[in-house]
Amino acid sequence: MKGDEDARIEVEIKRGLLQLAVLSMSRERTYGYRLCRALAECGLEIEEGTLYPILRRLESRGLLESLWELGESRPRKYYRITDEGRRTLAALSDSWRRIREAVDDVLEREP
Amino acid sequence: VNTKSPVLRDWLEEVAVHLPRRERRDVLLELESHVLDRAEETAGPDPDEATIRAIVESLGEPARIASSYGGDRYLVGPGVYRAFVLYTAILYVVHMMMILIGVATGARIHLFPARITSDAAFPTWFELFGVAVHAALFDIGLMVVIFALATRAGTVLRTPNLVFRVRRSPRAALSRALLAGLVIVALLFLRDLVFVVAEEGRVHSILTPALTPRLPWLVAYLVLTVAKEIAYAVRGETRLTLLLDAIVLAAGAALLAVLAVGPPLVAFPEGLKSLAPLQPRVNTLLLRVTQLLFIAAAVTLAAGMVKRLFRLRQVAGSRLSSS
């Protein structure tokens, strides 16, 4: 049960950060599967059931734009960050760095 | 869904049931593309069904994948929405018919807490309109409560002929078999308890003598229905069960079509005081309604039969391609 609780906390921590990671990865035009692989290579394993809803949410907020490409072996939905998305990414990146430094301070402080 | 893989198609159809309609196409295309990309990376440009099955199983339950798109934020979820509309419409039609019969006969009819006919001998059009609106609000409210609970419980209800799939769980097949069995028992042994109206302590049957020669056919059809549902429960969806299902549905459609054009099987008997002057009109109305129901049921069964035959061809096709 303790392990379950730890896993749940990790999921909670990752939830918000994944949006930041997805936004960052979408600075270059990409599609779902490639994004999934790229995040996994960076050590951020993400389930499909998490990634695709995040993409849709970011798109509905106007932070990403999408385009179906039909010319390849199969239809693929490509995503790319918008100008609004870049502004949000910059703001969220600053927030993340501040939080990370603060948490690092807390963790490194002598009891 | 255009994929050539039956495994992927079945999985996507299952996801589709839980998705809101306006997002369905986009989400399914994207999931299909994702699975095929992953399969191609694992097993090359022409992945086999086993690879695709392993991938869709790793993605998780279709309902869970669909709910991650926000499908669970609905009071009445996409998995039950069509059934909600269909059954609410049926309830409303039945409710309104009761109101109209009540108005025609002057009887006071109660449905749950609501009295559905007016105290006046004959209500004005305005009163009738008010009653119709009241009935609509009551029925929609009642069904929303039921279907919201079904949504929370993760239920998926398929409305007839709306989804091109025949598969059912063993439990669903057994419950259909049980239902058909209960109708057989009611028709054979409980006729004098179930199909009756009572007035002043006297009980009158509403079944006409025309039923007697048709009863063996009806019971035979119901016995066949029990048999095919048990076959589904035991064997699952196979060519044999699909063929048996198609034959039973064809027999049912033919039987109902014959019953629809035959003499009335249900009628209010003469001698009912509360119905006296209107008895012929009510019986004519009843005959028309039962004819309509029989025809609608015959068409539904015939459509079901066609669906099974198509499914049979699909199953045969996927067997051939995988062998």
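Convention: sequence-line order gives letters A, B, ...; per-chain numbering from 1. Just so it is clear, the structure is predicted and the values come from calculations on it, not from any experiment.
For A:Glu12, the CD atom sits in a packed shell: over 12 heavy atoms of surrounding residues, nucleotides or ligands are nearer than 6.0 Å. In this structure, A:Arg100 places its CZ atom where more than 12 heavy-atom neighbours from other residues, nucleotides or ligands lie under 6.0 Å away. The local environment of CZ in A:Arg57 is crowded, with over 12 non-hydrogen atoms from other residues, nucleotides or ligands closer than 6.0 Å. The number of heavy-atom neighbours closer than 6.0 Å to CG of B:Asp46, taken from other residues, nucleotides and ligands shown, is 12 or below. The local environment of CZ in A:Arg74 is crowded, with over 12 non-hydrogen atoms from other residues, nucleotides or ligands closer than 6.0 Å.
For B:Glu23, the parts lying near chain A are the backbone and the side chain together; criterion is any non-hydrogen pair under 4.5 Å. Proximity to chain B is limited to the side chain of A:Arg37, based on heavy atoms less than 4.5 angstrom apart. Contacts of B:Val27 with chain A are made by both backbone and side-chain atoms, with heavy-atom separations under 4.5 Å.
The greatest number of non-hydrogen atom pairs below 4.5 Å with chain B, out of A:Arg56, A:Arg34, A:Lys77, is found for A:Arg56. Interface check for chain A: of the options B:Leu31, B:Asp26, B:Val35, the most heavy-atom pairs under 4.5 Å are formed by B:Asp26.
Taking CG of B:Leu59 as the start and OH of A:Tyr52 as the end, the distance is 9.0 Å to the nearest 0.5 Å.
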> Going through the distances and angles, do B:Leu29 and A:Trp68 end up as a side chain to side chain contact (heavy atoms under 4.5 Å, CB included)?
Replying inline: CA-CA 10 Å; B:Leu29 267 176; A:Trp68 277 100; 3.4 Å; yes

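Partners of A:Arg76 by side-chain hydrogen bond (donor to acceptor under 3.5 Å, both in side chains), not counting sequence neighbours, listed by chain and number: A:Glu72, B:Asp37.
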Cut-off 3.5 Å, no hydrogens considered: what does the side-chain donor-acceptor table look like for residues 41-48 of chain A, sequence neighbours left out?
residue	atom	partner	partner atom	Å
A:Glu48	OE2	B:His34	NE2	3.0
A:Glu48	OE2	B:Arg38	NH1	2.8

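Between A:Pro75 and B:Ser33, the closest heavy-atom pair is O-OG, 3.2 Å.
Remark: the B:Glu30 side chain and the A:Tyr31 side chain contain no N/O donor-acceptor pair separated by less than 3.5 Å.
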